[in-house]
Amino acid sequence: MSGWSQAVSTRAGEDPSASVGTFTGNRGLQIEEKLIFEQDSPGRCGVDLTDPPPFQARLGGLERQGAIGLPGLSEPQVVRHFTRLSQKNYAIDTGLYPLGSCTMKHNPRLNEKLARLPGFADIHPLQPTSTVPGALALIDTLAHWLKTLTGMPAIALSPGAGAHGELCGIMSIRAALEARGEPRSRVLVPDSAHGTNPATAAACGYDVDSVPGNPQGRVDLGALRAKLDTDVAALMLTNPNTCGLFENEILEIAAAVHAAGAFFYCDGANFNAIVGRVRPADLGIDCMHLNLHKTFSTPHGGGGPGSGPVALASSLAPYASLPWLVHGPDGLELVEDKKGKAQQTIGRLKGFHGQMGMFVRALAYMMSHGADGLRQVAEDAVLNANYLRVRLEGDLSPAFPGLCMHEVLFDDGFLKDTGITTLDFAKALIDEGYHPMTIYFPLVVHGALLIEPTETESRASLDRFADTLKALAATARSGDAAHFRTAPRWTPRRRLDETAAARRPVLRWDPERLNQEATE
Ligand SMILES: Cc1ncc(COP(=O)(O)O)c(C=O)c1O
């Protein structure tokens, strides 16, 4: 065992079996997994290859001189290692995943099946376009669905995630303003926004100006109007917002933004709550990214491969990122260079066309649901969140009164005077076999707990989750703070030092450093 990968309940260098109470350090069938480098048996090899025939070195002396440094393992060891690691994941395929602002959706197996069709999976981005008409038709059909659902006339498909879509959108807005001869310097962002919004605006060279919310958890329209002037490039607004609430003054917001000559950017991360019910273009939105992994059920992955297409109004369409797929006299045409009709584009943001595999999955989801099915998705997402809100409102403390959209926000008022924090409460939920909800976000609510159940959870599943939360809340009220402070008790790792992990991340195997830390 290496010190830094141990639970904090075990001191660096100590035998983990001491704290677990088993001879092996394992807990039942939860196997204590060593790093692959710690399993090294020098000289052992999983394959038996013949020596390569003599060849002439062509690297001009740059050949590797020493051993490559891979651990020696047999094939069964490798298979067990990676299988055990895969079993340590918590996933939507394992259980309810209530992470707010994330829309952890079930990934239908039909999508996976279609994405594996050789005609989609085996094509190469450098193939001549004449050999891939089916793939181009699929991209065009996906764009058509996204245009229909958003009401926007143009779609940039290449961005690789929501945050990347924000970059595409704000760069397009900046290009449009520059073309208008009025480069502006500020972007307005509500104080409840996801961190990627101000980060995107700052990355594009704008000053970020925070707009306060009102007591109902929405943007304060008066404060917004006071900040709007001819120096504002855009408002970046999430709708439904990160408090899980629909911005009910959105038409007035759009009118005020446009009256100031600014663009209205919408963070579409929460589109799942309104897909098929509301077209963002009808709300006055000029530009909006769509996280395909949130609304259209493509897998979240470990930070990728993602897809964050951007829907654009006609005023921003000429600036959309390349490549474009357009209808020409001879059918679908690819526009790949910044010239001709694409003279004003912001250029490429990503290699090739984006994540083809995600396009296939998203379109499969859309077509298998149909227009009525997508509308039902939004309705069920909102219904499930409100079901939890009503079941929990007597035990937890809702941050805002009234109906919510697809996620329900609580503050830590219900933990007042218990000595238990939101973090403690979330850790205790892990012991019950649930991934915690999003905590401490949005920042506008004290000790926030943001629960997004998603639409595919059954009533029985929601009831089990609600019963667990109610039981935990009752335990907190009974004064048993130790139950929470010592949680999680049943996980392979207890509470880790999250500050050290953020401040001094150990990102690669470094035996010298580990030895040094073990002796400290
Ligand atoms: C409101 C909001 N905006 C933007 C993002 C960023 O999206 P992505 O993770 O796809 O980059 C998220 C992600 O959780 C989000 O919740």
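Order of listing sets the numbers, starting from 1, for every ligand and every atom in it.
- Taking only nitrogen or oxygen atoms, main chain and side chain alike, His293 reaches within less than 3.5 Å of ligand 1.
- By the 3.5 Å distance cut-off applied to N or O atoms, Gly162 is counted among the residues near ligand 1.
- Under the 4.5 Å side-chain criterion, counting only non-hydrogen atoms from C-beta, Ile253 is in contact with Phe264.
- Taking NE2 from His106 and CD1 from Ile92, the interatomic distance works out to 9.0 Å, rounded to the nearest 0.5 Å.
- At least one N/O-N/O distance between Ala163 and ligand 1 falls below 3.5 Å.
- Close approach of ligand 1 to Thr196 (heavy-atom distance below 4.0 Å) involves ligand atoms 3 (N), 4 (C), 5 (C), 6 (C).
- The two residues Ala269 and Asn291 have their closest heavy-atom pair at CA-OD1, 3.2 Å.
- Annotation: Lys416, atom NZ; neighbour count of heavy atoms from other residues, nucleotides and ligands within 6.0 Å does not exceed 12.
- Among protein heavy atoms, atom 3 (N) of ligand 1 sits closest to Asp267 OD2, 2.5 Å.
- Residue-level proximity to ligand 1 for His164 is absent, since no heavy atom of it falls below 4.0 angstrom.
- For the residues Gly100, Ser101, Ala161, the heavy atom positioned nearest atom 16 (O) of ligand 1 is part of Ser101.
- Shortest non-hydrogen contact noted between Met366 and Leu142 is CE-CD1, 3.7 Å.
- If you check each of His289, Lys294, Met236 against atom 12 (C) of ligand 1, the one with the closest non-hydrogen atom is Lys294.
- Separation of the Tyr434 and Tyr97 ring centroids does not fall under the 6.0 Å cut-off.
- The closest side-chain donor-acceptor pair between Asp412 and His446 falls under 3.5 angstrom.
- Within ligand 1, counting atoms from 1 as listed, the ones closer than 4.0 Å to a heavy atom of Asn291 are 7 (O), 8 (P), 10 (O).
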